[in-house]
Number of protein chains: 2
Amino acid sequence: MTDTTIPTNTIRRLPRYYHYMQDLVDQGDKYVTSDQIANYFGIHPTQVRKDLAFTGLIGKPKVGHVLQEALESVRNFLGWDTNSKAFIVGAGNLGSAIIGYGGFDVTGVSIVAAFDTDPDKIGHVINGIEVFPMRKFTDMALKMGVKIGIITCAAEAAEAVANTMVVSGITAIWNFTPVKPYVPENVIMEQTELYSSLAILSRRIKELEGK
Amino acid sequence: MTDTTIPTNTIRRLPRYYHYMQDLVDQGDKYVTSDQIANYFGIHPTQVRKDLAFTGLIGKPKVGHVLQEALESVRNFLGWDTNSKAFIVGAGNLGSAIIGYGGFDVTGVSIVAAFDTDPDKIGHVINGIEVFPMRKFTDMALKMGVKIGIITCAAEAAEAVANTMVVSGITAIWNFTPVKPYVPENVIMEQTELYSSLAILSRRIKELEGK
DNA sequence: TATATATTGATAAAAAAATCACGTAAAATC
DNA sequence: GATTTTACGTGATTTTTTTATCAATATATA
């Protein structure tokens, strides 16, 4: 319906609201106001309203939002209400951490198989997920209709892995390497660079010291 | 000198440029142009110029930048030229992944000790880093003058851990939990939420399907 | 039932970020 | 040596994002 693209920042903030609202439910609350959320995160109430409005949520004056409705609305908006399978390539430390993270359950994404080229890793089971040889990727992905691929291998291999993913019908890639693999336009790529966060930290420290 | 605050987005992009430029060096190049970087990342050349200008770098028309100079300039700007120690709290999957990541070397940050409350984890050595009981945190941090803290424990413990960090002289916190602990203003906090990335992915998939 | 209050959604204003456009400088070519 | 080309830096412009304002409305209270 809405043809406007959703700001990435909005999408980034919503999971936080979600988590906070879940906490409120757990402690027995039934309602939440935008001001409450804004206050908790130290951001502007109007921003929270705008963000929530994107999900189609409408609140009641003087009351705010019914938590259950709000949670559902965000869940639905983010696509967390449909289950989808993911393959992960790279069963090293980072891969294992992602596999074992557990926190993704709520997003409806479940990692169903891991892949690696290292013979020492193949055959192992991490948190219930088996590690298969990389050459089986395409076959299995096509057969199982997997659409999400996670890249946690070494940077040098990322380009090749991304290529394999594309030809295997993967339409969304979550890439943890600092490399930016070339993929067709219709493939969604989300890059999480661990050291860009560290960069912000060390830069801010430097700024502080300069004062 | 410059009293203007640096846009976070600039700081986030610079490590990517850095990595790309490092690759160019590795393949024997001596120079790089903004257009080259922009082209590689699919962004606007002016943006690259502006970003690099923040680091104080000035290029030569028709040539671009000497790679070695550019790398050094970025490194210096990001504070990657000074070594600093970090403590990590939570030696589970994610913590182990961060400890074993290795990619942080270039940033000058080195993780020197891990902490946990789980007796099963205490005493273990992960990638050369020993896991200490949490109660030793403050003592060790003060003694070693550690300024960076990384939180990879369970969300429920994050608030308490952050408090401990603050009283232990930590001035910069990298938080992987979805909780937003309260810290004094002078403490820098950088939040990496793994599932906010996943949120973007599943939302974009949904948008695509809607078309 | 009337009035006060809190919180909403919508719209306007401000701020920030990204892009464009232009003049300039170094190298390459003629 | 003159001309062309390429890439630079920077100020102006556009776009996007965030913040402020305000009328409307549901609840609580008198």
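Predicted model only: the values in this text are computed from it and were never measured. Residue numbering restarts at 1 for every chain, and letters A, B, ... go by the order of the sequence lines.
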S.K.: To the nearest Å, how far apart are Leu52(A) CG and dG9(C) P?
M.R.: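 Distance, rounded to whole Å: 8 Å.
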
S.K.: Atom OH of Tyr31(A) to atom P of dA26(D): distance rounded to whole Å?
M.R.: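 My rounded result for the distance is 14 Å.
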
S.K.: Taking only residues at least two apart or on different chains, which pairs with a member in residues 93-118 of chain B satisfy salt bridge (charged side-chain N to carboxylate O under 4.0 Å, His left out)?
M.R.: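 For residues 93-118 of chain B, and leaving out neighbouring residues, the salt bridge (charged side-chain N to carboxylate O under 4.0 Å, His left out) pairs sorted by first residue read Asp118(B)-Lys121(B).
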
S.K.: Using 4.0 Å as the upper bound for N to carboxylate O, is an ion pair formed by Asp35(A) and Arg49(A)?
M.R.: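 So Arg49(A) pairs with Asp35(A) through a salt bridge.
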
S.K.: Where along residues 190-201 of chain A does a heavy atom fall under 4.0 Å from DNA chain D?
M.R.: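 When residues 190-201 of chain A is checked for heavy atoms under 4.0 Å from DNA chain D, there are no hits whatsoever.
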
S.K.: Scan nucleotides 16-26 of chain C nucleotide by nucleotide, 5' to 3', and note B when protein non-hydrogen atoms come under 4.0 Å of the base, S if they reach only the sugar-phosphate, - if neither.
M.R.: -SSBB----BB

S.K.: Rounded to whole angstroms, how far apart are CZ on Phe54(B) and C1' on dG9(D)?
M.R.: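 After rounding, the reported distance stands at 13 Å.
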
S.K.: Please walk me through it: do Asn175(A) and Thr177(A) pass side-chain hydrogen bond (donor to acceptor under 3.5 Å, both in side chains)?
M.R.: CA-CA 6 Å; Asn175(A) 174 24; Thr177(A) 75; 2.9 Å; yes

S.K.: Is the Lys NZ or Arg CZ of Arg75(A) less than 6.0 Å from the centre of Tyr18(A)'s six-membered ring, within 45° of the axis?
M.R.: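 Judged by the rule (NZ or CZ under 6.0 Å from the ring centre, within 45° of its axis), Arg75(A) is not positioned above Tyr18(A).
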
S.K.: In whole Å, I'd like the distance from the CD1 atom of Ile6(A) to the C1' atom of dT18(D).
M.R.: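 For the pair Ile6(A) CD1 and dT18(D) C1', the rounded distance is 16 Å.
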
S.K.: Would you say the ring centers of Trp80(A) and Phe104(A) fall short of 6.0 Å from each other?
M.R.: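 Ring centroids of Trp80(A) and Phe104(A) are no less than 6.0 Å from each other.
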
S.K.: Before accepting this row, confirm whether a basic side-chain N of the pair Glu209(A)/Lys206(A) lies closer than 4.0 Å to the acidic partner's carboxylate O.
M.R.: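 The answer is no: the pair does not qualify as a salt bridge.
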
S.K.: Does dA6(C) have OP1 or OP2 under 4.0 Å away from a side-chain N or O of Thr33(A)?
M.R.: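 Result: no.
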
S.K.: Can the ring centres of Phe115(B) and Phe87(B) be said to be less than 6.0 Å apart?
M.R.: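 Between Phe115(B) and Phe87(B), the centre distance is under 6.0 Å.
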
S.K.: Salt bridge or not between Glu190(B) and Arg12(B)? Use side-chain N to carboxylate O under 4.0 Å.
M.R.: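 Answer for the salt bridge query: yes.
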
